[in-house]
**Q** 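I have a structure here, written as structure tokens, and I will follow up with some questions on it.
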Protein chains: 2
Amino acid sequence: MRRDVFQAIADPTRRAILSMVAEQPLNVNTVSENFDVSRAAIYKHMKILIECGLIDVKQQGRERYAEAKLQKLSEVNDWIQQYKQFWEAKLDSLEAYLEKLKTERNNDNRNK
Amino acid sequence: MRRDVFQAIADPTRRAILSMVAEQPLNVNTVSENFDVSRAAIYKHMKILIECGLIDVKQQGRERYAEAKLQKLSEVNDWIQQYKQFWEAKLDSLEAYLEKLKTERNNDNRNK
DNA sequence: ATTAAATGAAACCTTTTGGTTTCACAAATG
DNA sequence: CATTTGTGAAACCAAAAGGTTTCATTTAAT
């Protein structure tokens, strides 16, 4: 079992579960009603999220409510941030280019 | 083949390849020298990175240089950002709590 | 006391993943 | 020209991932 955050969020179903649980704590049955796979499949996904610390479970009678614990996502965030400059630089120069185009167009109009 | 960015960065080897290639364009052989798996295995990882748009290949004679194209990471960044408040809120209140503790300790000292 | 509901886990199956060795081919070099 | 080098891709393999059905257990409800 690798079970790191990067691998946990790689699966779209697990991301969907996270987004549901981030709004409010939910039990396995309620979560699984929103998917077209079996409860057991959803349970396994949730187990992975638990094991890597992205959700936490509070027992209440016979039900267990899963609560999002998103601090671990900061690990992914940190990794991403080191590369942010790479794509933002590109966007900045595109923006500058578009700005330049706009200015030139204005000048053209002015000279008509 | 699912081949989305989330899945691409789930593998630690692929993240390592990305970090190498982000510094400078490198060919498959050079990249694979830095790992203890076969060139073919590294080639497959790089193919996945190419297919999901995280790297780009420029041919130069018989060599092909892989260049990082990290814009696609913004997809992951966007996803992460929507949850940032969740873990930052927690950190903020911890910070506030520690600050309060410190203040109280100072008051205690003053009253000695 | 029975029955129903919510859960965890096992047994099993298929597809995907990450790896290997091997081969073919194009480009550089002696 | 013959050989080495860099590459892409195929054939194959073991393990992991994602799914299923089934069963046992605990708690709630009739």
Side-chain angles (χ1 to χ4, degrees), chain A residues 1-21 23-69 72 76, chain B residues 1-21 23-69 72 76:
Chain A
M1 288 186 291
R2 194 142 35 85
R3 220 104 309 179
D4 60 299
V5 187
F6 285 92
Q7 195 227 355
I9 66 170
D11 185 276
T13 304
R14 284 196 289 271
R15 290 200 299 279
I17 293 175
L18 266 191
S19 96
M20 290 183 61
V21 170
E23 290 190 38
Q24 58 178 323
L26 296 170
N27 60 3
V28 186
N29 274 332
T30 313
V31 172
S32 71
E33 277 163 18
N34 289 271
F35 296 89
D36 53 4
V37 294
S38 68
R39 181 189 62 82
I42 295 299
Y43 170 71
K44 282 207 220 169
H45 281 305
M46 292 178 75
K47 200 174 169 193
I48 289 173
L49 292 173
I50 291 167
E51 282 169 1
C52 83
L54 282 169
I55 64 183
D56 217 42
V57 175
K58 303 254 155 91
Q59 182 131 10
Q60 225 163 33
R62 72 180 155 182
E63 295 176 68
R64 295 190 174 163
Y65 287 89
E67 195 182 327
K69 286 282 188 179
K72 274 280 167 59
V76 181
Chain B
M1 284 186 293
R2 198 152 22 94
R3 220 106 305 179
D4 61 298
V5 187
F6 285 92
Q7 195 227 357
I9 66 169
D11 185 275
T13 304
R14 285 196 289 271
R15 290 200 298 280
I17 292 174
L18 265 192
S19 95
M20 289 183 62
V21 170
E23 290 190 38
Q24 59 179 323
L26 296 171
N27 60 2
V28 186
N29 274 333
T30 313
V31 171
S32 71
E33 279 164 15
N34 288 270
F35 295 90
D36 53 4
V37 293
S38 69
R39 181 188 63 82
I42 295 298
Y43 171 71
K44 282 209 219 167
H45 281 305
M46 292 177 76
K47 200 175 170 194
I48 289 173
L49 293 173
I50 291 166
E51 280 168 3
C52 82
L54 281 170
I55 63 183
D56 218 41
V57 175
K58 303 254 154 89
Q59 181 131 10
Q60 226 163 32
R62 74 181 155 182
E63 294 177 68
R64 296 191 173 160
Y65 287 89
E67 195 182 328
K69 286 282 188 180
K72 274 281 167 60
V76 180

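Letters A, B, ... are given to chains in the order of the sequence lines, protein chains preceding strands, and every chain is numbered from 1.
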**Q** For the pair A:Arg14 (side chain) and A:Ala8 (backbone), establish whether a donor and an acceptor sit closer than 3.5 Å, ignoring hydrogens and angles.
**A**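 Flag set: sc A:Arg14 to bb A:Ala8 pair under 3.5 Å.
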**Q** For the pair made of CG in B:Asp11 and P in C:dG18, what is the distance, rounded to whole Å?
**A**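 Taking CG of B:Asp11 and P of C:dG18, I get 5 Å after rounding.
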**Q** Hey, does the side chain of B:Ser38 come within less than 4.0 Å of C:dT20's phosphate (OP1/OP2), counting only N and O?
**A**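 Yes, because at least one side-chain N or O of B:Ser38 sits under 4.0 Å from OP1 or OP2 of C:dT20.
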**Q** Between A:His45 and A:Gln60, which has a closest nucleotide on DNA chain D that is more 5'?
**A**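 Nearest-nucleotide comparison on DNA chain D picks A:His45.
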**Q** To the nearest Å, give me how far apart CD (A:Glu63) and C1' (C:dA4) are.
**A**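 In whole Å, C:dA4 C1' and A:Glu63 CD are 13 Å from each other.
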**Q** D:dA17 C1' sits how many Å from A:Leu49 CG, rounded?
**A**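 Rounded to whole Å, this separation is 14 Å.
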**Q** Under 3.5 Å, is there any donor-acceptor pair linking the side chain of A:Arg39 to the base of C:dG8?
**A**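 Flag set: donor-acceptor pair detected.
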**Q** Can you give me the closest heavy-atom contact between A:Thr30 and A:Met20, atom names plus distance?
**A**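 Between these two residues, the closest heavy atoms are O-CE, 4.5 Å.
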**Q** Could you state the atom-to-atom distance from CD of A:Glu51 to P of D:dA16 in whole Å?
**A**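 The answer, rounded to whole Å, is 14 Å.
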**Q** Please report the distance, rounded to the nearest Å, between CZ in B:Arg3 and P in C:dT15.
**A**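 Between P of C:dT15 and CZ of B:Arg3: 17 Å.
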**Q** Below 4.0 angstrom from OP1 or OP2 of C:dA5, is there any side-chain N or O of A:Asn29?
**A**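 The answer is no; no side-chain N or O of A:Asn29 sits under 4.0 Å from OP1 or OP2.
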**Q** Check the phosphate of C:dT7 against A:Tyr43, side-chain N and O only, distance under 4.0 Å to OP1 or OP2. Yes or no?
**A**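 No, because none of the side-chain N or O atoms of A:Tyr43 sits under 4.0 Å from OP1 or OP2 of C:dT7.
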**Q** Looking only at side-chain N and O atoms, does A:Arg62 come under 4.0 Å of OP1 or OP2 in D:dA29?
**A**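 Answer is no, no contact under 4.0 Å.
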**Q** So which one's nearest nucleotide on DNA chain C is more toward 5', B:Gln59 or B:Thr13?
**A**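 The 5'-side residue here is B:Thr13.
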**Q** Output yes when at least one side-chain N/O atom of B:Gln7 is less than 4.0 Å from OP1 or OP2 of C:dT17, else no.
**A**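 Yes, such a contact exists.
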**Q** Measure distances between side-chain N and O atoms of A:Lys47 and base N and O atoms of C:dG8, and say whether any donor-acceptor pair falls under 3.5 Å.
**A**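 It does not, because no donor-acceptor pair links the side chain of A:Lys47 to the base of C:dG8 below 3.5 Å.
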**Q** In whole angstrom, give the distance that lies between atom CD1 of A:Ile42 and atom C1' of C:dG8.
**A**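 Those two atoms, CD1 and C1', are 15 Å apart.
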**Q** Is B:Asn27 close enough to D:dG6 that one of its side-chain N or O atoms is under 4.0 Å from OP1 or OP2 there?
**A**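 Negative; the distance criterion is not met.
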**Q** Do you see a donor-acceptor pair shorter than 3.5 Å between the side chains of B:Tyr65 and B:Glu67?
**A**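 No donor-acceptor contact under 3.5 Å links the two side chains.
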**Q** Evaluate the side-chain proximity of B:Ile48 to B:Asp11: yes if any heavy-atom separation is below 4.5 Å, no if none is.
**A**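 Sidechains of B:Ile48 and B:Asp11: no contact.
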**Q** Taking atom P of C:dG18 as reference, at what distance in whole Å does atom CE of B:Met46 sit?
**A**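 The distance from CE of B:Met46 to P of C:dG18 comes to 16 Å, rounded to the nearest Å.
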**Q** When you look at CD of B:Gln59, are more than 12 heavy atoms from neighbouring residues, nucleotides or ligands closer to it than 6.0 Å?
**A**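 Count over threshold, so yes.
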**Q** By nearest heavy atom, map A:Tyr65 and B:Gly61 onto DNA chain C; which one lands nearer the 5' end?
**A**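 Between the two, 5'-proximity favours A:Tyr65.
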**Q** Can you measure B:Phe35 atom CZ to C:dT20 atom P for me and round it to whole angstrom units?
**A**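 In whole Å, C:dT20 P and B:Phe35 CZ are 13 Å from each other.
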